[in-house]
Amino acid sequence: MSAAAHRLSRLQIAMRTVGLASVAIFLNDNIVSLQMITGRSMQPALNPDSNHLWRDVVLMDRCVQGLLSTQRLERGDIVAFVSPFNPERVVIKRIIGLPHDCVVPHTNPQAFVRIPKGHCWVEGDESFHSNDSNTFGPLPMALIKSRAVAPVWPPWRFANRLSDMPDWKKKRVYVNGTTPLR
């Protein structure tokens, strides 16, 4: 092989590598990504093993907002969002209520919070270990970055269905302010 042909093959390899890296970055930023789950706030749906030896890694659908969105967010979806307190941090919680719903905060059972347009109510499944809408109020939906699809790690949880919203949370949600969620 001549020196010119050898240089050309290195250039082709470099160009293919750059191309593949660009595709991988685009997919990770816009289509799907993996997220390691830390903390106890989403137990038992995520990180059910409380001994901290295993942390769930979850496949996340990033097509939830903007031009690439394929479906609407729903009550019960587990979502990752930018923390309203610290924009450097991504938090994962479950959507409990959508715009125009009324939610009874577990911190004040005598009150109702009507969720404004463009917002949702998010809570951890383990509410006593969760910094969520009971602390910061309705979350702007523009902060939501992705929806959890299924665990991919540890191996015995691979592709398991994520659990539904706990019944005790459903009893605190009134769809469009009037109809109890069942």
Side-chain angles (χ1 to χ4, degrees), residues 27-48 55-85 87 89-106 112-153 157-182:
L27 289 173
N28 187 64
D29 288 349
N30 298 292
I31 309 295
V32 294
S33 63
L34 296 175
Q35 183 166 345
M36 181 180 289
I37 309 302
T38 59
R40 298 173 46 183
S41 71
M42 287 305 298
Q43 286 179 335
L46 299 171
N47 285 346
R55 291 186 178 157
D56 283 356
V57 176
V58 179
L59 180 67
M60 304 297 289
D61 173 7
R62 297 185 64 90
C63 297
V64 295
Q65 298 285 351
L67 296 175
L68 294 176
S69 62
T70 56
Q71 59 186 7
R72 293 180 173 262
L73 294 169
E74 300 176 358
R75 288 174 207 87
D77 284 347
I78 297 175
V79 295
F81 57 91
V82 176
S83 168
F85 294 131
R89 188 166 176 238
V90 175
V91 183
I92 191 160
K93 303 291 179 208
R94 186 183 298 276
I95 293 178
I96 302 300
L98 294 170
H100 311 296
D101 289 351
C102 285
V103 176
V104 178
H106 78 265
F112 276 97
V113 175
R114 181 172 290 278
I115 302 169
K117 183 177 180 179
H119 291 69
C120 62
W121 190 270
V122 294
E123 292 184 0
D125 285 358
E126 178 61 58
S127 293
F128 300 106
H129 296 102
S130 183
N131 189 11
D132 53 29
S133 287
N134 288 290
T135 305
F136 52 74
L139 177 77
M141 292 180 87
L143 294 178
I144 296 175
K145 299 301 175 199
S146 57
R147 173 190 313 121
V149 176
V152 295
W153 186 263
R157 289 189 35 82
F158 179 76
N160 281 359
R161 188 176 157 290
L162 294 170
S163 63
D164 294 328
M165 183 186 334
D167 286 337
W168 68 272
K169 288 188 182 287
K170 290 179 184 178
K171 294 175 184 175
R172 299 179 18 247
V173 179
Y174 294 85
V175 179
N176 292 319
T178 57
T179 309
L181 183 63
R182 303 224 186 265

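Residues H100 and N176 have side chains that never bring a donor and an acceptor to within less than 3.5 angstrom of each other.
Salt bridge status for R75 with D101: present, with a side-chain N to carboxylate O gap under 4.0 Å.
In this structure, the side chains of P138 and V113 come closer than 4.5 Å at one or more pairs of heavy atoms. Using a 4.5 Å heavy-atom cutoff, the side chains of C63 and I31 are in contact.
Once rounded to the nearest 0.5 Å, the distance linking CE of M60 with OG of S33 reads 6.5 Å. Atom-to-atom distance recorded for I92:CD1 and I144:CD1 is 11.0 Å, nearest 0.5 angstrom. Distance check: M36 CE to W153 CH2 gives 10.0 Å after rounding to the nearest 0.5 Å. Distance check: I78 CD1 to S146 OG gives 11.5 Å after rounding to the nearest 0.5 Å. In this structure, the separation between CG on D164 and NZ on K170 is 6.0 Å, given to the nearest 0.5 Å.
A pairwise comparison of heavy atoms in C120 and L98 identifies CB-CD2, 4.4 Å as the closest pair. Residues V90 and A80 share a closest heavy-atom pair of CG1-CB, 3.8 Å. Taking every heavy atom of both residues into account, V82 and K145 meet most closely at CG2-CE, 3.6 Å. The two residues E123 and W121 make their nearest non-hydrogen contact at OE2-NE1, 2.9 Å. A pairwise comparison of heavy atoms in D77 and R147 identifies OD2-NE, 3.2 Å as the closest pair. When all heavy atoms are compared, the tightest approach of H119 to K117 is ND1-O, 3.1 Å.
Counting only distance, with no hydrogens or angles, the side chain of R94 and the backbone of G76 share a donor-acceptor pair below 3.5 Å. Of the possible polar contacts, one joining the D132 side chain to the G124 backbone as a donor-acceptor pair under 3.5 Å is found. Distance alone, capped at 3.5 Å, is enough to place a donor-acceptor pair between the S133 side chain and the G137 backbone. Of the possible polar contacts, none joining the D56 side chain to the V58 backbone as a donor-acceptor pair under 3.5 Å is found. Listed for the R172 side chain is a donor-acceptor partner under 3.5 Å among the backbone atoms of V104.
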**Q.** Verdict with reasoning, V64 to V79, per side chain to side chain contact (heavy atoms under 4.5 Å, CB included)
**A.** CA-CA 9 Å; V64 295; V79 295; over 6 Å; no

Q | side chain to side chain contact (heavy atoms under 4.5 Å, CB included) assessment of V122 paired with F81 | A | CA-CA 10 Å; V122 294; F81 57 91; 3.9 Å; yes

(Q) Please determine whether side chain to side chain contact (heavy atoms under 4.5 Å, CB included) holds for the pair K93 and S130, giving the CA-CA distance in whole Å, both sets of side-chain angles, and the decisive distance to 0.1 Å. (A) CA-CA 9 Å; K93 303 291 179 208; S130 183; 3.2 Å; yes

Q.
Checking T135 against F85 for the side chain to side chain contact (heavy atoms under 4.5 Å, CB included) test, could you report, in this order, the C-alpha distance in whole Å, the side-chain angles of both residues, the deciding distance, and whether it holds?
A. CA-CA 11 Å; T135 305; F85 294 131; 4.2 Å; yes

